[in-house]
Number of protein chains: 2
Amino acid sequence: MNRQAPTLEDVAREAGVSRATVSRVVNGVRNVDPDIQELVRHAIERTGCTPNRAARSLVTRRAETVALIVSGAGDAFAARVFVDPFFGRVVSGALGYLRARAMHPVLLFAESQAARKQVVDYVRQGSADGVLVVSILADDPLPEMLLSARIPTVLFARPGRMAPISCVDLDHYAGGELTGAHLLARGCRHITAISAPSELQAGQDRLTGFRDALARAGRRPPPVVEGTFTLDSGAAAMTTLLRDHPRVDGVFAANDLMAQGACQVLRELGKRVPEDVAVVGFDDSSVAVPAHARPSAGAAPALRAAGQACACRWPRMMSAYRCPLDLIVRVWVG
Amino acid sequence: MNRQAPTLEDVAREAGVSRATVSRVVNGVRNVDPDIQELVRHAIERTGCTPNRAARSLVTRRAETVALIVSGAGDAFAARVFVDPFFGRVVSGALGYLRARAMHPVLLFAESQAARKQVVDYVRQGSADGVLVVSILADDPLPEMLLSARIPTVLFARPGRMAPISCVDLDHYAGGELTGAHLLARGCRHITAISAPSELQAGQDRLTGFRDALARAGRRPPPVVEGTFTLDSGAAAMTTLLRDHPRVDGVFAANDLMAQGACQVLRELGKRVPEDVAVVGFDDSSVAVPAHARPSAGAAPALRAAGQACACRWPRMMSAYRCPLDLIVRVWVG
DNA sequence: ATGAAAGCGCTAACAA
DNA sequence: TTGTTAGCGCTTTCAT
């Protein structure tokens with residue numbers, strides 16, 4: 001019942017060697033006689049020893065662990081992070097990377113200033129070697145805090161202020177350009193937009209890219225109604241746009257949910273989508289694209305880079321990847 | 001640059017006391033002079049010391065960590081766990097419980113036998129004090145492995161074989177009964193069912209509960225077509241049912257996704273739902289219920305119990321909770 | 001190639 | 001109430 005877990009010392013006794021030798025075998029250090037290696041391995045097998053992690057961590061000063069921080073939301077919203085078309089892929093890619101290296105992700109939530117401090121402390125205790133931050137806040141203070149605590153960090157999203165932090169993010173501007181090009185290519189003449197809440201930088205970037213694409217084609221700035229990223233706000237915005245611009249034949253919505261709302265309103269009013277009015281969203285979410293067509297591993301290269309950064313190696317690089325469905329991911333390594 | 005993190009020893013020197021006293025203050029042990037407490041706290045503040053976790057863990061033999069194991073699926077499917085109407089609530093409830101106790105969840109995936117062994121080793125290394133298993137496998141070997149390794153475990157779902165393991169699960173049978181009662185109460189005369197894949201115990205339980213409810217009302221066994229939990233299979237099953245039983249006016253689908261597929265087929269064929277044909281699903285997922293009506297914290301009491309078990313206390317209890325929308329959760333503590 | 005021994009930073013039993 | 005001391009189990013020089 002109260003039997004302690006076998007230690008390397010037990011194995012050493014069993015094998016008739018020293019603790020140091022057992023440690024060498026366990027850690028794959030060379031300079032160990034193959035016969036003795038075999039001996040030790042058997043002894044480990046027999047005793048069922050699993051080297052204590054805390055003891056190892058204490059001396060190596062590595063936890064073999066990274067903190068996966070969901071910043072700006074409590075655990076009730078953890079789901080979002082895993083379902084979000086961008087975060088979901090990025091997170092599961094990162095998890096796969098960690099797993100291949102026997103590193104473990106600890107889930108932390110940083111929705112308040114106190115929680116943010118706790119997160120920093122957690123790492124400073126040596127509980128994690130670095131952090132991955134998934135942030136949904138426009139101007140999150142956490143990245144700066146991690147930076148000044150000299151904690152190896154990779155941010156999924158871009159920091160509000162310019163900071164020397166590695167990050168992975170969608171290229172919102174380029175995505176916006178694509179949507180503009182798409183509507184132009186379809187031959188739309190009366191193009192409008194449903195924008196994101198104005199305080200979200202990402203939303204602004206999408207809109208700017210969209211506008212620029214139209215401008216380069218010689219079009220005048222499109223009418224824009226601001227939405228709140230919800231289905232209902234998309235429907236409301238579409239209603240407004242139709243009232244003010246009855247001839248509209250192309251709509252850019254800053255996310256898929258609003259695009260969906262817009263489609264509903266259009267169809268209710270007897271418009272065919274996309275024959276009468278073309279609607280393009282943003283997010284590559286499941287409402288927009290048939291499942292079999294989605295690029296499930298699209299963000300892999302970006303993640304590999306991010307993963308490397310997490311592993312506390314910091315290669316100098318900057319690159320962009322383009323996925324099958326034009327999901328554009330950029331990686332900055334600071 | 002290479003400056004080490006300050007230790008309790010540093011704080012002790014700074015405060016002019018012994019390391020033990022600092023430890024006592026940090027751990028909130030009483031019997032420490034208030035003045036000295038103040039002194040020590042200031043010293044901690046000044047030095048910015050964060051007590052090393054590995055060192056503490058080494059001597060206390062506690063990691064203050066639990067493993068959150070997703071069994072039967074790789075990280076690509078992690079999303080499911082957080083989105084699933086049952087698992088999602090249960091997991092976020094458990095996370096909240098842990099957080100309030102400054103315990104940390106490590107995310108592990110056990111989709112292969114090798115991965116399962118790694119999970120067991122991870123805990124035996126002392127990296128976690130216990131595990132929460134979210135299993136989607138019908139007959140998962142992991143619970144038994146954890147049991148025989150004497151690892152404190154709470155299973156979300158029920159073990160395939162009867163085993164003395166604490167678990168939290170929906171009461172599928174009772175849920176099935178409810179759906180049957182619902183269709184009967186609506187006055188349906190020609191009731192049919194779209195069942196779950198036969199290898200899933202939970203699905204069988206739902207169906208059995210449903211059948212028993214009908215039987216108790218004196219109805220003969222309903223026609224059943226087996227589905228695969230997908231939208232398409234629900235649609236296909238509904239098509240079959242309508243062909244063989246044109247007068248059908250009530251349908252039980254073993255999950256909401258199939259119910260949705262059934263609704264689509266019915267509407268395409270000009271049937272009104274629920275006026276002509278009543279359809280009831282299972283899962284309390286967002287497709288079925290308006291968001292504002294969902295019991296977001298419905299599983300809280302069950303979780304509290306589960307959380308207590310996780311925390312390695314094992315109160316003898318067995319209870320059932322009924323949520324606003326008849327989500328029934330049972331807790332077994334083994 | 002192997003062993004002896006020091007010590008990582010902390011807690012806890014024992015002394016004072 | 002406080003300090004002294006002995007480990008926790010491991011890695012890692014330094015001898016051999």
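Protein chains get the first letters and strands the later ones, always in sequence-line order, with residue 1 at the start of each.
Put simply, the side chain of Arg53(B) and the base of dG9(C) share no donor and acceptor less than 3.5 Å apart.
A straight line from CG of Asp33(A) to P of dT2(C) spans 5 Å, rounded to a whole angstrom. One can place CZ of Arg62(A) at 23 Å from P of dG9(D), the figure rounded to the nearest angstrom. Rounded to whole Å, the distance from CD on Glu64(A) to P on dC10(D) is 15 Å. Rounded to an integer number of Å, the gap from CG of Asp35(A) to C1' of dT2(C) is 14 Å. Spacing between atom CG of Asn31(B) and atom C1' of dA13(C) amounts to 14 Å, rounded to whole angstrom units. Remark: C1' of dA12(C) and CZ of Arg56(B) are 13 Å apart, rounded to the nearest angstrom. Going from atom CG of Asn27(A) over to atom P of dG9(D) covers 17 Å, rounded to whole Å.
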Glu144(B) and Arg116(B): CA distance, side-chain angles, deciding distance, salt bridge (Lys or Arg N to Asp or Glu O under 4.0 Å) verdict: CA-CA 11 Å; Glu144(B) 300 265 14; Arg116(B) 278 188 277 272; over 6 Å; no

Stepwise side chain to side chain donor-acceptor pair (under 3.5 Å) check, Ser135(B) with Asp140(B): CA-CA 7 Å; Ser135(B) 182; Asp140(B) 195 333; 2.7 Å; yes

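Here dG9(C) is the nucleotide among dT12(D), dG9(C), dT1(D) with the atom lying nearest to any side-chain atom of Val59(B). Between dT11(C), dG9(C), dG9(D), one nucleotide has an atom nearer to the side chain of Arg61(B) than all others, and that is dG9(D). Closest to the side chain of Arg24(B), from the set dT11(C), dA13(C), dC10(D), is dA13(C). For Thr60(B), counting side-chain heavy atoms from C-beta on, the closest listed nucleotide (dG9(C), dC14(D), dA12(C)) is dA12(C).
For Ser23(A), a side-chain nitrogen or oxygen approaches OP1 or OP2 of dT11(D) to under 4.0 Å. Between dC8(C) and Asn52(B), no contact under 4.0 Å exists linking OP1 or OP2 to a side-chain N or O.
For the pair Arg56(B) and Val26(B), the minimum side-chain heavy-atom distance is below 4.5 Å.
Residues Ile151(A) and Gly130(A) approach most closely at CG2-CA, 4.4 Å, considering heavy atoms.
Non-hydrogen atoms lying under 4.0 Å from DNA chain C are contributed by Arg19(B), Ala20(B), all within residues 15-22 of chain B.
Judged by the 6.0 Å and 45° rule, Arg101(B) forms a cation-pi pair with Tyr97(B).
Few gaps surround CD on Gln113(A); more than 12 heavy atoms of other groups in view lie less than 6.0 Å from it.
Between the Glu64(A) side chain and the His104(A) main chain, no donor and acceptor come within less than 3.5 Å of each other.
Using a 4.0 Å heavy-atom cutoff across all strands shown, Leu58(A) reaches at least one base atom of the nucleic acid.
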